[in-house]
Participant: 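Input: one structure, supplied below.
Whatever order the structure lists ligands and atoms in, that order sets their numbers, starting from 1. In this text, all values refer to a predicted model and were calculated from it rather than measured experimentally.
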Amino acid sequence: MIPFLDLKNINGQYRAELIEACTRVIDSGWYIGGNELAQFEQNFADYCGVKFAIGVANGLDALILTLRAWKELGKLKDGDEVIVPSNTYIASILAITANNLTPILVEPDINTYNIDPKKIEAAITPKTKVILPVHLYGQLAEMPEIMTIANQHNLLVLEDSAQSHGAEINGTRAGNWGDASGFSFYPGKNLGALGDAGAVTTNNEELAQMLRALRNYGSHEKYKNLVPGVNSRLDEIQAAMLDIKLKYLDHEVAHRRKIAQLYLQNIVNPLIKLPLEYKEAEKYQQHVWHLFVIRTEHRETLQEYLAEQGVQTLIHYPIPPHKQQAYKEWNDLNYPISEQIHAEVMSLPIGPTLSVEEAEKVIQLCNSFKA
Ligand SMILES: *Cc1c(COP(=O)(O)O)cnc(C)c1O
């Protein structure tokens, strides 16, 4: 069987180092808010090229607390509008509605799957305060264009970088484009903990301080609560696990890119549309291939055929956010590009331990598929 993503194998590569770090934390007697967190935050900030990284409990909290911090700092108020892609994992949108802000869904470019910058301007109103681009599947949204629009209209930018640790355009990485960026270290993400974890990156010190307070009951100083915060901390064991895995991230991304190039160059079945790596002559782009997402009008039969031949595939995602029961009030709205993407996408196996032989088998099966 070729599994979609083999987390046991991925973490098994670093077993000895992970156990050693766990032992160190156990023996330290200090489990929350210590040196392991401080060191990982510094190393992750350096990796992204930013001044500050603030560890939190998960990726959703990273997004929720950043918007919340902007409310506490007087930059946002209830009912303000946030532009977000209609094609995203629901967490990006939950972070907006959880803060009593209004999501304005903007359609993606069908080839890159990311928000279409040409459609952002038409969605801007006097109430628009934030653009929340999502770097879906490992590829940065078209950040140079998005930042130009944000600057012209004086909007904040919150990147959802949960799927794109290390992705870059012209040498600037995910997490260092907007005013802030939310990352997830869910085990299946490109940089994954052995449990839940997340972080916010920013170059803004005031925001960093507010986030450090919000994640810890709103306390800047022990037992002094300036704002009503929450408990959303990244614990010492997960920070220690992440600090080890961060060292190997670029190496793992290089392997993902190699597998992706094999797929892109060798899958030639006209029934299968391959993902497009967004390229303009003057731009250098690094896609980190969190997911390798193809499109086909024959998704069910292709998925069954691959499963019969021992290849596991997944669908990211089967139902668009505006068709979810959680957002009943939007169920009648039409976002045809997003709907088409959700109806046609399928993710092939990709990951740091998928072998070239396994990728070749996936390619051969994709090429022999008939509708
Ligand atoms: C995973 C993910 C999140 C949420 O991260 P969690 O750590 O699971 O809370 C947010 N946005 C996107 C695009 C994601 O893929």
Side-chain angles (χ1 to χ4, degrees), residues 4-5 7 40 44 53-68 82-99 103 105-106 108 112-115 130-141 143 146 157-167 174-175 177-178 180-201 211 214-215 230-235 238-239 241-242 245 256 275 287-293 314-322 324 326-327 338 341-342 345 347 350-351:
F4 181 74
L5 184 70
L7 285 177
F40 173 66
F44 190 65
I54 301 95
V56 294
N58 54 64
L60 176 59
D61 276 2
L63 299 171
I64 289 181
L65 293 179
T66 303
L67 293 171
R68 179 78 191 284
V82 180
I83 290 176
V84 64
S86 53
N87 180 54
T88 182
Y89 180 57
I90 196 158
S92 325
I93 295 170
L94 289 172
I96 300 168
T97 53
N99 275 293
L105 306 185
V106 169
T112 64
Y113 304 123
N114 276 328
I115 194 166
V130 183
I131 305 176
L132 199 166
V134 182
H135 309 316
L136 207 60
Y137 308 145
Q139 172 157 248
L140 283 184
M143 292 314 292
I146 291 170
V157 174
L158 171 56
E159 300 168 65
D160 181 342
S161 303
Q163 304 190 358
S164 291
H165 323 71
W177 281 94
S181 173
F183 285 88
S184 167
F185 307 121
Y186 179 79
K189 299 288 158 82
N190 279 19
L191 177 58
L194 278 68
D196 272 316
V200 179
T201 59
L211 284 163
L214 280 174
R215 72 175 173 186
V230 298
N231 176 350
S232 180
R233 299 179 296 223
L234 201 176
D235 66 72
Q238 292 309 334
M241 303 296 96
L242 285 164
K245 293 191 69 184
R256 286 175 183 273
H287 193 320
V288 295
W289 298 104
H290 172 55
L291 297 170
F292 191 93
V293 179
L314 293 176
I315 292 170
H316 300 91
Y317 299 92
I319 305 170
H322 71 280
Q324 297 285 355
Y327 288 122
S338 189
I341 289 172
H342 283 77
V345 289
S347 308
I350 194 163

Participant: Measure the distance from atom 7 (O) of ligand 1 to every protein heavy atom, then report the residue, atom name and distance (to 0.1 Å) of the closest one.
Facilitator: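 Of the protein heavy atoms, Ser184 OG, 2.6 Å lies nearest.
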Participant: Would you check if Gln139 and Asn114 make a side-chain contact, meaning some heavy-atom pair closer than 4.5 Å?
Facilitator: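 Answer yes - side chains close enough.
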Participant: In sequence, state the C-alpha distance, the side-chain angles, and the governing distance for Phe44 and Phe185, and then conclude on ring pair (Phe, Tyr, Trp, His ring centres under 6.0 Å).
Facilitator: CA-CA 12 Å; Phe44 190 65; Phe185 307 121; 5.2 Å; yes
Participant: Under 4.0 Å from any heavy atom of Ala162, which atoms of ligand 1 are there?
Facilitator: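 This gives 2 (C), 3 (C), 10 (C), 11 (N), 12 (C), 14 (C), 15 (O) as the contact atoms.
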Participant: State, yes or no, whether a side-chain contact exists between Val84 and Val106 at a heavy-atom distance under 4.5 Å.
Facilitator: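 They are not in contact (no side-chain heavy atoms under 4.5 Å apart), so the answer is no.
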Participant: Looking at atom 2 (C) of ligand 1, what's its closest protein heavy atom, distance included?
Facilitator: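 Nearest neighbour among protein heavy atoms for atom 2 (C) of ligand 1, to 0.1 Å: Lys189 NZ, 2.7 Å.
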Participant: Quick one: look up the protein heavy atom nearest atom 9 (O) of ligand 1 and list residue, atom name and how far away it is.
Facilitator: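 Here the closest protein heavy atom is Leu60 N, 2.9 Å.
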Participant: What's the shortest distance from atom 15 (O) of ligand 1 to any protein heavy atom, and which residue and atom give it?
Facilitator: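 Protein heavy atom with the smallest distance to atom 15 (O) of ligand 1: Gln163 NE2, 2.8 Å.
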Participant: Ligand 1 and Phe185, any nitrogen or oxygen pair closer than 3.5 angstrom?
Facilitator: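 The answer is no, given that Phe185 and ligand 1 share no N or O pair closer than 3.5 Å.
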Participant: When you measure from atom 10 (C) of ligand 1 to each heavy atom in Ala91, Ser92, Ala57, which option holds the nearest one?
Facilitator: Ala91
Participant: For residues Leu211 and Thr66, determine if any side-chain heavy atom of one lies less than 4.5 Å from a side-chain heavy atom of the other.
Facilitator: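 In contact.
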Participant: Decide whether the shortest distance between a heavy atom of Asp160 and an atom of ligand 1 is less than 4.0 Å.
Facilitator: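 Heavy atoms of Asp160 do come under 4.0 Å of ligand 1.
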Participant: Determine whether the aromatic ring centres of Phe4 and His316 lie less than 6.0 Å apart.
Facilitator: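 Ring centroids of Phe4 and His316 are less than 6.0 Å from each other.
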Participant: Using modelled atom types only, decide if a donor and an acceptor are shared between the side chain of His290 and the backbone of Ser164 within a distance under 3.5 Å.
Facilitator: no
